[in-house]
Amino acid sequence: MTPDEAIAEQERLRPLVSTRTDPGLVVRHVAGLDVSYADDDRLAAAVVVLDAESLETVDSAVVSGKADFPYVPGLFAFRELPSLVEAMKKLTVAPDLLVCDGQGLAHPRRFGLACHLGVVTGVPSVGVAKTPMGQFTMPDDVRGAHTDLVDDGEVVGRTLRTREGVKPVFVSVGHRIDLDRACAEVLRLCVTRLPETTRRSDSLGRAQLR
DNA sequence: GCGACAG
DNA sequence: ATCTTGTCGC
């Protein structure tokens with residue numbers, strides 16, 4: 001897979017993204033996905049499913065793999081998606097929403113990791129990134145405060161203060177969910193700056209690396 | 001040509 | 001992503 005082929009793949013799948021939330025969507029089980037890297041090209045893809053209400057872990061899976069695609073901004077999904085999909089296949093509990101570590105529509109071609117994973121699995125998804133991909137004004141320092149994330153003149157996501165006194169996170173729609181709902185779901189997963197889904201999948205992944 | 005550029 | 005304990009501040 002060359003970078004050009006990867007870009008063509010994104011443009012081919014992009015039209016399949018939906019920004020609509022199914023009227024009857026009930027998010028009971030939320031999955032967090034993340035990939036950790038070793039010094040060489042070894043990696044560990046982890047997915048943890050939480051009960052959205054109690055935030056208790058109800059299922060998890062992790063797979064070891066090799067990074068066969070370099071990290072290229074804009075093509076991030078081609079590095080992590082294969083292993084993440086493998087990890088998801090090992091789950092026993094089917095998640096109602098995927099919380100990805102990275103961007104969704106806040107991407108140069110409007111098809112970040114969250115969109116890609118959502119389209120490939122068909123499961124609603126949202127991207128939560130730690131660094132922005134676009135312009136924004138800082139939201140108030142109050143949990144829940146938010147501002148638009150703009151790129152090339154269009155709103156591609158939202159900054160979200162998940163906790164007072166910390167930098168905001170950057171939320172963007174992945175697939176089959178609207179921005180308001182995406183932010184609401186992310187906020188209820190946050191006890192500290194990052195969603196519990198992200199924190200737990202992150203620790204599971206790096207533990208697997210040892 | 002130069003700077004930016006998720007993890 | 002990764003290198004990493006204690007420490008400053010609310």
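Per chain, numbering begins at 1; letters A, B, ... match sequence-line order.
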If you measure only the distance, is there a donor-acceptor pair under 3.5 Å linking the side chains of A:E80 and A:Y37? yes

Checking B:dG7, B:dA6, C:dT2 against the side chain of A:S36 (C-beta onward), the nearest is C:dT2

A:L81 CG to C:dA1 C1', straight-line distance once rounded to whole Å: 17 Å

Round to a whole Å and report the spacing from NE2 of A:H116 to P of B:dA6. 18 Å

Just how far, in rounded Å, is C1' of C:dT2 from CZ of A:R210? 12 Å

Assign A:L209 to base, sugar-phosphate, or nothing according to its heavy-atom contacts below 4.0 angstrom with the strands shown. nothing

How long is the line joining CZ of A:R42 and C1' of B:dG7, in whole Å? 18 Å

Is the distance between the ring centroids of A:F76 and A:H107 under 6.0 Å? no

Once you apply a heavy-atom cut-off of 4.0 Å, does A:L43 come out as touching a base, just sugar-phosphate, or nothing? nothing

Checking all strands, does A:G74 fall into the base, sugar-phosphate, or nothing category for heavy-atom contacts under 4.0 angstrom? base

Any side-chain N or O of A:T131 below 4.0 angstrom from OP1/OP2 of B:dG7? yes

Whole angstrom value for the distance that separates P of B:dG7 from CG of A:D68: 20 Å

Using distance alone, with no hydrogens and no angle criterion, decide if A:D178 and A:T21 have a side-chain donor and acceptor under 3.5 Å apart. yes

Looking at A:R161 and A:D140, is there a salt bridge between them, counting it only when a charged N and a carboxylate O are closer than 4.0 Å? no

A:H107 NE2 to B:dC5 P, in whole Å, measures 14 Å

Can you find a side chain N or O atom of A:R206 that sits less than 4.0 Å from OP1 or OP2 on C:dT2? yes

Base, sugar-phosphate or nothing for A:F76? Non-hydrogen atoms, less than 4.0 Å. base

Find the distance A:D152:CG to B:dA4:P and express it as a whole number of Å. 18 Å

side-chain N/O A:Y37 vs B:dG7 OP1/OP2, d < 4.0 Å: no

If I take atom NZ in residue A:K130 and atom P in nucleotide B:dA6, what distance separates them, rounded to the nearest angstrom? 11 Å

Using a strict cut-off of less than 4.0 Å between a Lys/Arg side-chain nitrogen and an Asp/Glu carboxylate oxygen, indicate whether A:D41 and A:K66 qualify as a salt bridge. yes

